[in-house]
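Each ligand, and each atom within it, is numbered from 1 in the order the structure gives. Excluded from the calculations below are hydrogen atoms, water molecules and symmetry mates; all remaining heavy atoms, backbone and side chain alike, are included.
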Amino acid sequence: MADEPDSLVVGVDYGTLSGRAVVVRVRDGAELGTGVHAYRHGVIDRTLPATGQALPPDWALQVPEDYLDVLRIAVPAAIADAGVDPAQVIGIGTDFTACTMVPTTGDGTPLCDLPEFAGNPHAYVKLWRHHAAQPQADRINDLARARGEKWLPRYGGLISSEWEFAKALQMLEEAPEAYAAMERWVEAADWIVWRLTGVYVRNACSAGYKGMYQDGEYPATDFLAELNPAFADFVTEKLDQPIARLGDRAGGLSAEAAAWTGLPQGIAVAVGNVDAHVTAPAAGAVEAGQLVAIMGTSTCHVLNGDALREVPGMCGAVDGGIVDGLWGYEAGQSGVGDIFAWYIDHQVPESYHVQARERGVSVHELLTELAATQKVGEHGLIALDWHSGNRSVLVDHELSGLVLGQTLSTRPEDVYRALLEATAFGTRTIVETFTAAGVPVDELIIAGGLVRNPFLMQLYSDVLGLPLSIIRSAQGPALGSALHAAVAAGAHLDVRAAATAMGSVDRAVYRPRPAEADAYDRLFAEYVALHDHFGRGGNDVMRRLRAMRRSAIESKEK
Ligand SMILES: Nc1ncnc2c1ncn2[C@@H]1O[C@H](COP(=O)(O)OP(=O)(O)O)[C@@H](O)[C@H]1O
Ligand SMILES: O=C(CO)[C@H](O)[C@H](O)COP(=O)(O)O
């Protein structure tokens with residue numbers, strides 16, 4: 001079912017640091033205009049702006065008003081960039097980082113917007129990479145294992161500290177007054193749709209992957225009570241809400257949101273979605289066996305499968321979690337581009353920054369160029385990519401980064417290359433785990449900002465021993481959201497049809513080079529040895545160091 005040739009939709013991708021809007025033609029997915037808005041408060045991980053209070057380690061907060069600014073600034077900018085009449089727009093879709101949680105009152109007002117809570121860190125959005133709920137995640141995992149909870153294997157045997165229940169339990173135990181005042185615990189993906197429409201509906205993707213919603217149920221009341229008696233009614237009191245399929249219409253654009261965006265009141269607003277999952281159809285990946293890796297500050301791996309399998313250490317398997325009718329699998333690496341950025345910002349000497357500035361290239365590009373002159377293994381290094389913990393397959397955010405083999409001749413480009421390689425080894429670990437568990441990976445498709453680095457792409461192909469296909473769109477998540485908006489507006493029959501019309505991919509752009517692939521097989525064996533030693537209990541030094549750090553900081557503050 002094709003719509004009028006000039007019907008348009010808007011997709012808005014809420015990333016970690018900014019929101020991006022794109023105006024897309026319904027008929028063929030042509031991207032006509034873009035607008036970007038960087039969040040004014042960015043990621044709050046050191047001090048709370050309202051009070052200047054220092055935040056403990058592993059915290060990461062955001063301010064919801066920044067998300068509304070994206071609607072006010074990036075959407076009109078995208079329309080202006082496209083040079084189109086807003087009246088042509090028939091729908092808007094959004095996607096968000098996840099699990100990113102907003103504590104609200106009953107009408108969706110964020111707690112941090114209430115004067116009495118502005119100084120309470122727990123009243124703010126807990127961003128996906130808020131990792132301070134690891135003790136709660138550990139307890140949830142231990143108890144679920146002891147009780148043989150049937151939902152646990154759906155999450156590879158371990159749930160993450162990034163997710164809804166761990167973060168809510170942390171809030172209950174550290175800020176009971178804020179927890180008591182919170183009437184709804186809302187995925188940011190659903191909060192923004194609530195703001196756009198006035199309707200609060202939970203999306204099937206977030207609820208399934210991050211909310212432990214399986215076979216129509218959340219974890220039971222007696223399980224929650226055993227974690228903490230005051231947590232018993234968490235689901236009924238604060239979480240439960242009608243759940244809608246991806247691509248459904250959540251409601252019509254409200255008058256208020258029409259005024260923010262400049263779009264026509266009443267147009268279709270798609271049910272919320274997660275930034276990773278929404279990208280698969282934008283790359284035309286709606287069949288079983290097509291793994292899409294969305295590589296940016298972090299990497300998410302999403303993959304459809306025909307059947308339900310238990311994959312150790314994956315993020316989750318959800319029926320219809322990516323497209324209706326297939327089991328959607330997710331795995332992830334919590335730090336990828338973030339690790340490269342951290343290295344450049346904090347470890348690379350000023351002389352490299354000066355050289356990059358003089359040559360008009362980024363430090364990433366300079367280090368990549370220098371690293372590219374090396375043979376595999378020439379730097380003599382091997383690294384573990386756990387600077388932001390490990391989401392898959394170890395599911396442990398107490399783990400940390402490691403670079404082994406440094407000598408007095410080690411140079412910044414050597415370490416940079418070792419970090420690039422470590423992230424590729426992390427992805428290989430995930431792909432091999434899927435395959436071994438009976439979820440075949442037939443094709444690897446790369447999307448996200450890191451596609452901009454061809455050396456990195458070739459390195460991934462060599463390390464994985466697989467051809468890499470590349471999504472054509474430079475803004476895959478925003479295109480994916482636009483595609484869901486087209487479905488919600490009734491312009492395409494379903495997400496599959498929209499993916500065929502609007503999604504696109506270039507097949508096998510990078511192919512593994514046999515000599516490099518062989519050499520990387522040897523380095524990967526070393527990675528596996530270190531991975532298992534530090535990640536599977538051979539030596540818990542990383543956990544002990546974290547504990548020492550926490551207690552040292554606490555005692556300093558007293
Ligand atoms: N040339 C490059 N090579 C490798 N990484 C890069 C390069 N340029 C930027 N990055 C990294 O890309 C990440 C941003 O990716 P992007 O997809 O734009 O963001 P997001 O994940 O927030 O959507 C940053 O973490 C940055 O360190
Ligand atoms: O876990 C996620 C999805 O399930 C996050 O949304 C993701 O890791 C953050 O994405 P990005 O690195 O693109 O900002």
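- Polar contact with ligand 1: present for T297 (N/O pair, distance under 3.5 Å).
- Salt bridge status for D414 with R411: absent, with no side-chain N to carboxylate O gap under 4.0 Å.
- In terms of the side chain to side chain donor-acceptor pair (under 3.5 Å) criterion, Y39 has no residue partners (sequence neighbours excluded).
- Counting atoms of ligand 1 from 1 in the listed order, those under 4.0 Å from a heavy atom of F340 are 4 (C), 5 (N).
- Ligand 1 has an N or O atom lying under 3.5 Å from an N or O atom of G337, backbone or side chain.
- Using a 4.0 Å cut-off between charged nitrogen and carboxylate oxygen, E65 and R72 count as a salt-bridge pair.
- When only modelled atom types and interatomic distance are considered, D385 and Y527 share a side-chain donor-acceptor pair under 3.5 Å.
- For ligand 1, the polar-atom distance check finds an N/O of R452 within less than 3.5 Å of one of the ligand's N/O atoms.
- Within 4.0 Å of atom 15 (O) of ligand 1, at least one protein heavy atom is present.
- The closest donor-acceptor contact from the side chain of N203 to the backbone of V271 lies at 3.5 Å or more, if one exists at all.
- Residue-ligand proximity, A341 to ligand 1, at heavy-atom distances under 4.0 Å covers atoms 27 (O).
- Closest to atom 2 (C) of ligand 1 among all protein heavy atoms lies H364 CB, 3.4 Å.
- Sorted by first and then second residue, the side chain to side chain donor-acceptor pair (under 3.5 Å) pairs with a member in residues 416-428 read H301-T427, Q333-T427, H364-Y416, H379-E421, R417-E421, R417-Y520, E421-Y520, T423-Y460, R428-E432, R428-D521; sequence neighbours excluded.
- Here is the list of ligand 1 atoms found below 4.0 Å of a heavy atom in N453: 1 (N), 2 (C), 3 (N), 4 (C).
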Report all N/O contacts between ligand 2 and the protein shorter than 3.5 Å as a table of atom names and distances to 0.1 Å; if there are none, say 'none'.
{"from": "ligand 2", "atom 1": "1 (O)", "to": "A98", "atom 2": "O", "distance (Å)": "2.8"}
{"from": "ligand 2", "atom 1": "1 (O)", "to": "R391", "atom 2": "NH1", "distance (Å)": "2.8"}
{"from": "ligand 2", "atom 1": "1 (O)", "to": "R391", "atom 2": "NH2", "distance (Å)": "3.2"}
{"from": "ligand 2", "atom 1": "4 (O)", "to": "K210", "atom 2": "NZ", "distance (Å)": "2.9"}
{"from": "ligand 2", "atom 1": "4 (O)", "to": "E330", "atom 2": "OE2", "distance (Å)": "2.7"}
{"from": "ligand 2", "atom 1": "6 (O)", "to": "A98", "atom 2": "N", "distance (Å)": "2.9"}
{"from": "ligand 2", "atom 1": "6 (O)", "to": "A98", "atom 2": "O", "distance (Å)": "3.4"}
{"from": "ligand 2", "atom 1": "6 (O)", "to": "D275", "atom 2": "OD1", "distance (Å)": "2.8"}
{"from": "ligand 2", "atom 1": "6 (O)", "to": "D275", "atom 2": "OD2", "distance (Å)": "3.1"}
{"from": "ligand 2", "atom 1": "8 (O)", "to": "S298", "atom 2": "OG", "distance (Å)": "2.6"}
{"from": "ligand 2", "atom 1": "8 (O)", "to": "R391", "atom 2": "NH2", "distance (Å)": "3.2"}
{"from": "ligand 2", "atom 1": "10 (O)", "to": "D275", "atom 2": "OD2", "distance (Å)": "3.1"}
{"from": "ligand 2", "atom 1": "12 (O)", "to": "T297", "atom 2": "OG1", "distance (Å)": "2.5"}
{"from": "ligand 2", "atom 1": "12 (O)", "to": "S298", "atom 2": "N", "distance (Å)": "2.9"}
{"from": "ligand 2", "atom 1": "12 (O)", "to": "S298", "atom 2": "OG", "distance (Å)": "2.7"}
{"from": "ligand 2", "atom 1": "14 (O)", "to": "T16", "atom 2": "OG1", "distance (Å)": "2.5"}
{"from": "ligand 2", "atom 1": "14 (O)", "to": "T297", "atom 2": "OG1", "distance (Å)": "3.3"}

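- A side-chain donor-acceptor contact under 3.5 Å links K167 to the backbone of C99.
- Ion pairing of R507 with E443 is present here, as a side-chain N (NZ or NE/NH1/NH2) and a carboxylate O approach within less than 4.0 Å.
- In this structure, L450 is part of the shell of residues with a heavy atom less than 4.0 angstrom from ligand 1.
- For R20 and D13, the salt-bridge test fails: no basic side-chain N is under 4.0 Å from an acidic carboxylate O.
- For the atom pair CG of L367 and CD of E369, the computed distance is 10.0 Å after rounding to the nearest 0.5 Å.
- Residue-ligand proximity: G296 is placed with a non-hydrogen atom under 4.0 Å from ligand 1.
- Atoms of ligand 1 found under 4.0 Å from any heavy atom of D338 (numbered from 1 in listed order, with element): 25 (O).
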For residues 320-327, which side-chain N or O atoms pair as donor and acceptor with protein atoms under 3.5 Å away, sequence neighbours left out?
{"from": "D324", "atom 1": "OD2", "to": "R245", "atom 2": "NH1", "distance (Å)": "3.4"}

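- Here's the thing with G449: one of its N/O atoms is less than 3.5 angstrom from an N/O atom of ligand 1.
- Ligand-side atoms of ligand 1 in range of Y416: 3 (N), 4 (C), range being under 4.0 angstrom from any heavy atom.
- Screening R202, K210, R184 against E164 for a salt bridge (charged side-chain N to carboxylate O under 4.0 Å, His left out) leaves a single residue, R202.
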